Number of protein chains: 2
Amino acid sequence: MATVPRPGAYVCGIDAAMDVIGGKWKVLILWALDEHGSCRFGELRRQVPGITEKVLAAHLRELETDGIVHREAYDEVPPRVEYTLTEVGRHLNAALGPLGAWGREHVLGGAPHPA
Amino acid sequence: MATVPRPGAYVCGIDAAMDVIGGKWKVLILWALDEHGSCRFGELRRQVPGITEKVLAAHLRELETDGIVHREAYDEVPPRVEYTLTEVGRHLNAALGPLGAWGREHVLGGAPHPA
DNA sequence: CTGGATCCAAAAAGATACTG
DNA sequence: CAGTATCTTTTTGGATCCAG
């Protein structure tokens with residue numbers, strides 16, 4: 001959904017951002033990476049229960065292309081790849097804060113635990 | 001995408017919010033309503049160029065069900081219906097502010113005009 | 001372990017025509 | 001004017017299986 005040279009000219013910053021985070025699991029991936037700082041592929045798969053390998057890989061590729069996450073591949077055996085948020089990705093997560101607060105307050109009931 | 005008794009239990013506030021605004025045109029509708037305060041159906045159709053009647057009507061129904069917009073129908077001839085943001089909707093728009101700023105800064109280039 | 005390749009199902013959106 | 005009814009197309013995501 002967001003693979004950098006976006007076709008459509010965006011009307012405003014919000015729908016540009018929506019295009020970047022508009023995947024079923026993207027914000028969950030961002031959240032997991034924000035919490036753990038660095039995650040391997042299999043780690044993320046566990047952090048985001050229910051996601052399939054294909055979709056996780058696809059979302060990670062898009063997030064990487066959009067400059068949100070950084071992918072570091074270590075040429076070892078067995079293979080190891082570490083995903084981390086970029087500076088831009090951390091800014092994005094920060095910008096997502098108020099939206100998350102709104103969701104907890106107005107969609108969910110009270111806020112059991114911060115997220 | 002969001003019709004109140006949401007099936008899935010949300011993991012956090014952000015994906016709850018994403019479910020509410022996760023339509024191709026929802027944030028544009030919110031933005032238009034925020035700017036104008038009150039809009040009729042045909043007015044919105046012009047404010048959100050490219051959207052079809054069907055999709056606009058569907059999104060408006062969902063936003064109404066989710067408590068984001070208020071629909072006021074006047075029994076006149078010709079028919080007139082006014083859509084306005086609810087208090088919750090205005091809060092949502094406010095929460096969207098930082099995300100829009102991020103998008104303008106990191107997806108679009110500089111910010112030509114505020115939005 | 002980290003994914004790529006395929007095939008398939010579901011959801012969302014677009015086109016068009018029609019009605020109270 | 002403000003939508004609804006259909007039908008079609010596009011987009012996403014899911015299920016598997018396979019490979020470096």
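Lettering follows sequence order; numbering is per chain, from 1. When reading the values below, keep in mind they use all heavy atoms of this one structure, side chains included, and skip hydrogens, waters and symmetry mates. Note that the coordinates shown come from a computational prediction; the quantities given were computed from them, not determined experimentally.
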Q | Pair B/E62 + B/K26, salt bridge at N-O below 4.0 Å | A | yes
Q: Indicate yes or no: does A/E87 engage A/R90 in a salt bridge with an N to O separation below 4.0 Å.
A: yes
(Q) Need to verify one output field. Residue with the more 5' nearest nucleotide on DNA chain D, A/P79 or A/G50? (A) A/G50
Q.
Expressed as a whole number of angstroms, how long is the span from B/I51:CD1 to C/dA15:C1'?
A. 14 Å
Q) Per the atom types in the model, does the base of D/dG14 pair as donor or acceptor with the side chain of A/K54 at under 3.5 Å? A) yes
Q.
Tell me whether B/H36 contacts the main-chain N or O of B/A32 through its side chain, where contact means a donor paired with an acceptor under 3.5 Å.
A. yes
Q) Under the 3.5 angstrom rule, does the side chain of A/D66 hit a backbone N or O of A/L63 as a donor-acceptor pair? A) no
**Q.** Value in whole Å for how far the C1' atom of D/dA2 lies from CD of B/E82
**A.** 12 Å
Q) Which range-with-range stems can be found for DNA chain C when each stem has 3 or more Watson-Crick or G-U pairs in a row and both distances sit under 3.5 Å? A) C:1-20 with D:1-20
Q. In whole angstrom, what separates B/R46's CZ from D/dC1's C1'?
A. 11 Å
Q | Integer-rounded Å distance: D/dG3 C1' and B/R45 CZ | A | 9 Å
Q: Under 4.0 Å between any heavy atoms, over every strand shown, what does A/Y83 touch: base, sugar-phosphate, or nothing? Just pick one.
A: sugar-phosphate
Q: Give a yes/no answer on whether the side chain of A/R40 brings an N or O atom under 4.0 Å of OP1 or OP2 in C/dC1.
A: no
Q. Can a donor-acceptor pair under 3.5 Å be found between the side-chain atoms of B/E53 and the base atoms of C/dA17?
A. yes
Q. Can you tell if the side chain of B/L60 reaches within under 4.5 Å of the side chain of B/R71, non-hydrogen atoms only?
A. no
(Q) Looking at D/dA2, I'd like to know if its phosphate oxygens (OP1 or OP2) sit under 4.0 Å from a side-chain N or O belonging to B/R71. (A) no
Q: Mind calculating the distance between CH2 (B/W25) and C1' (C/dA12) to the nearest angstrom?
A: 13 Å
Q. Taking atom C1' of D/dC1 as reference, at what distance in whole Å does atom CG of B/D75 sit?
A. 13 Å
Q: Considering just the side-chain nitrogens and oxygens of A/H59, establish if one lies under 4.0 Å of OP1 or OP2 belonging to D/dT12.
A: no
**Q.** Any donor-acceptor pair under 3.5 Å from A/W102 side chain to B/V88 backbone
**A.** yes
Q: Could you state the atom-to-atom distance from CG of A/L56 to P of C/dC1 in whole Å?
A: 14 Å
(Q) Taking the basic N atoms (NZ, or NE/NH1/NH2) and the acidic carboxylate oxygens, is any pair closer than 4.0 Å for B/E43 and B/R45? (A) no
Q: Using atom CE of B/M18 as one end and atom C1' of D/dT12 as the other, report the distance to the nearest whole Å.
A: 14 Å
Q) If you check the B/F41 side chain, which of D/dT4, C/dG4, D/dA2 turns out closest? A) D/dA2
Q: Among D/dG3, D/dG14, C/dT2, find the nucleotide with the atom closest to the side chain of A/V55.
A: D/dG14
Q | Whether B/S38 side chain and B/T84 backbone form a donor-acceptor pair below 3.5 Å | A | no
Q. Of all the choices, D/dG13, C/dA15, D/dA2, which nucleotide is nearest to the side chain of A/K24 once you look at every atom?
A. D/dG13
